[in-house]
Amino acid sequence: MADKPKFLRVFEGEVFDAPPVWFMRQAGRYLPEYRELRAKAGSFLDLCYDPDLASEVTLQPIRRFDLDAAILFADILLIPDALGQKLTFVTGEGPQLAPLVSANDIERYRACDVREHLAPVFETVAKTRAALSADKALIGFAGAPWTVATYMLAGGPVKDPAALRLRFYEDRKFIEDLIDVLTEKTIDYLNAQIEAGADAVQLFDTWASGLPWPVLDAVSVRPLDKISRAIKKAHPETPVIFFPKGVGEKAGEYALLQGCDGLGIDYAMDPSWARANLGGRVVVQGGLDPLLTVSGGDDMERAAQTYLKLFHDVPYIFNLGHGFTPQTPPENVARLVEIVRGGE
Ligand code: CP3
């Protein structure tokens, strides 16, 4: 099948001179066309819940850069929103969530049907898949339970990671119950995205860094194991990618999981270590420091070549080691794509 997306062919073991390329946060504020549409939509959440606009935003970076994969435009915090923990995005301050207080909240979450509240997201997936050409993949996503839980527990971005770790030791059952509910809801949510047309799914564990092994195992590795197994059971052909940010050599533990097809590496991970220990075992994705796309030039090019050379003989997907920041000039992104595709 000549039309099968390159992005999906790497999961069948194919190696390309020019690997498939997409970027975390490829749709967003660094693009003038996004800023324009975002201003029209009103709030960020209105945009996420409007299938026509969200689908348009998903397609914007594909039109501009001809990338190999689109990623659904949504947010990892739509799950708490669907569970009834009211979410708002305050400009300049990021997300804010109503506080989660007691075990009663968790029991209430258990009874929620996320498929109902998140129906517009599945419509966005279907619309986007219908609009994409056959050689492009559509990636669905969710936050990993731990990362979503950190926002739910802190009422926004975590300011005091030590307090959260202490909470885990002092109130372990509460945290584990929360992780467990999020695990179940995330399985439901991702399966519904796949049923609506997503070709692969990615789980973002942005706040997995800095946890001692037994805690990381309990809140991140085991929940991702459970989610990926459940997805593979329902959809054996759909690749599952994990992005456990800042876990260093513990990335090897994720690569061993039966349901892990691909592993995103962050910008702090030594790419030689990743090549030796992950390459060929799972599809490795990403690595480039997104700030190099702000500065651009020779430094960006040299760094991109490092990843391209190191991973030239194993299935690899070119990407960043975290998302674009709003400062990235789109011209640098166009240049980066040219470098990946082998243009001088
Ligand atoms: O292009 C894409 O990557 C798809 C859409 C996407 C968004 N957020 C859109 C977004 C994806 C995959 C995410 C994931 C996400 N959201 C993560 C995990 C990955 C990561 O970046 O670490 C996290 C932790 C969130 C939570 C979140 N959403 C925060 C902390 C913020 C505010 C900080 C910021 O960058 O403004 C958001 C808002 C958000 N999500 C924006 C976008 C485009 C900016 C909102 C705006 O337009 O005002």
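Any value given below was found using the heavy atoms of this structure, including those in side chains, with hydrogens, waters and symmetry copies removed. Quantities reported herein were computed from a predicted structural model and do not represent experimental measurements.
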In this structure, CZ of F122 is separated from CG of N191 (nearest 0.5 Å) by 10.0 Å
Item to complete: In plain terms, say whether K185 and D188 are close enough for a salt bridge, that is, a side-chain N and a carboxylate O under 4.0 Å apart.
Response: no
For salt bridge (Lys or Arg N to Asp or Glu O under 4.0 Å), just list the numbers for R63 and E33, CA-CA rounded to whole Å, side-chain angles, deciding distance to a tenth of an Å, and then say yes or no. CA-CA 11 Å; R63 288 201 196 102; E33 58 270 36; over 6 Å; no
Less than 4.0 angstrom from a charged side-chain N to a carboxylate O is my criterion; do K6 and E14 meet it?
no
- request: Could you please spell out the steps behind the side-chain contact (heavy atoms from CB on, under 4.5 Å) verdict for V247 and D205?
  value: CA-CA 10 Å; V247 298; D205 217 348; over 6 Å; no
Exercise for the section: Please determine, by modelled atom types, if Q202 and Q285 share a side-chain donor-acceptor pair under 3.5 angstrom. Expected result: yes
Check your understanding: Under 3.5 Å, side chain of R281 to main-chain N/O of N277, donor-acceptor pair present?
Key -> yes
*So, R335 and E338, do they make that salt bridge, N to O below 4.0 Å?*
yes
For the rings on Y49 and H117, is their centre-to-centre separation under 6.0 Å? yes
dist Y316:OH -> I265:CD1 (nearest 0.5 Å) comes out at 5.5 Å
| message | Checking the side chain of Q26 only, and the main-chain atoms of A69 only, is there a donor and an acceptor separated by less than 3.5 Å? | response | yes
Rounding to 0.5 Å, atoms CH2 (W207) and CG (L164) come to a distance of 11.0 Å
Check: Is the distance between the ring centroids of F141 and F243 less than 6.0 Å?
Finding: no
Q) Side chain of T147, backbone of T206: donor and acceptor closer than 3.5 Å? A) yes
Whether the side chain of D68 engages the backbone of V21 through a donor-acceptor N/O pair (distance < 3.5 Å, no angle test) should be reported. yes
Check: What about Y30 and Y34, are their ring centers closer than 6.0 Å?
Finding: no
Rounding to 0.5 Å, atoms CG (L310) and CD (Q305) come to a distance of 11.5 Å
**Report entry** Donor-acceptor pair, side chain of D50 and main chain of L53, under 3.5 angstrom
**Finding:** yes
Exercise for the section: Would you kindly check if the NZ (Lys) or CZ (Arg) of K245 is within the cone defined by 45 degrees around the ring axis of F204 and under 6.0 Å from the six-membered ring centre? Expected result: no
- Item | Side-chain donor-acceptor pair present, T128, S55, cut-off under 3.5 Å | yes
- Query: Do the side chains of I139 and F7 get nearer than 4.5 Å, heavy atoms only?
  - Reply: yes
### Heavy-atom neighbours of F44 CZ exceed 12 at 6.0 Å
yes
- request: Flag the pair D299 and R302 as a salt bridge only when some basic side-chain nitrogen lies within less than 4.0 angstrom of an acidic carboxylate oxygen.
  value: yes
Just checking E237: does its CD atom have more than 12 heavy atoms from other residues, nucleotides or ligands closer to it than 6.0 angstrom?
no
Query - Flag side-chain contact, heavy atom, 4.5 Å: R167 against F174 - result: yes
Review point. Hey, mind stepping through Y151 and L87 against side-chain contact (heavy atoms from CB on, under 4.5 Å) and telling me if it holds?
Key: CA-CA 10 Å; Y151 286 96; L87 171 68; over 6 Å; no
Value for CG (L37) from CD (Q60), rounded to nearest 0.5 Å, stands at 5.5 Å
key: K250 with D217: basic N within carboxylate O range, under 4.0 Å   = no
Show, in sequence, the C-alpha distance, side-chain angles and deciding distance for E253 and W213, and conclude whether the side-chain contact (heavy atoms from CB on, under 4.5 Å) test is met. CA-CA 10 Å; E253 300 293 333; W213 171 250; 3.6 Å; yes
### Task
Show your working on side-chain contact (heavy atoms from CB on, under 4.5 Å) between F73 and L47 and close with a plain yes or no.
CA-CA 9 Å; F73 190 82; L47 186 50; 3.9 Å; yes
Report task. For E36, look at atom CD and say whether over 12 heavy atoms of other residues, nucleotides or ligands are found less than 6.0 Å away. Result -> no
- If we only count heavy atoms from C-beta on, is the F23 to P61 side-chain gap below 4.5 Å? no
Q) Is L263 close to V284 at the side-chain level, that is, under 4.5 Å between some pair of heavy atoms? A) no
- Query: Are any of the side-chain heavy atoms of R275 and D313 separated by less than 4.5 Å?
  - Reply: yes
*Under a 4.0 Å N-O cut-off, is there an ion pair linking D261 with K232?*
yes
Tell me whether R35 contacts the main-chain N or O of R29 through its side chain, where contact means a donor paired with an acceptor under 3.5 Å.
yes
Q. Side chain of S228, backbone of L224: donor and acceptor closer than 3.5 Å?
A. yes
Side-chain donor/acceptor of D135 to backbone N/O of D3, under 3.5 Å: no
Note to self: Contact between D180 and R110 at the side-chain level, heavy atoms closer than 4.5 Å - yes or no?
What the structure shows: yes
Over 12 foreign heavy atoms within 6.0 Å of CG, D113: yes
Quick check against the 3.5 Å criterion: does K86 have a side-chain atom that pairs as donor or acceptor with the backbone of L97?
no
Practice problem: Could you check if a side-chain atom of L288 sits within less than 4.5 angstrom of a side-chain atom of N319, using non-hydrogen atoms only? | Solution: no
Are any non-hydrogen side-chain atoms of F11 and I317 less than 4.5 angstrom apart? yes
The reported gap from CD1 in I179 to CE in M152 (rounded to nearest 0.5 angstrom) is 10.0 Å
Worksheet item: Is there a donor-acceptor pair closer than 3.5 Å between any side-chain N or O of T328 and the backbone N or O of F324?
Response: no
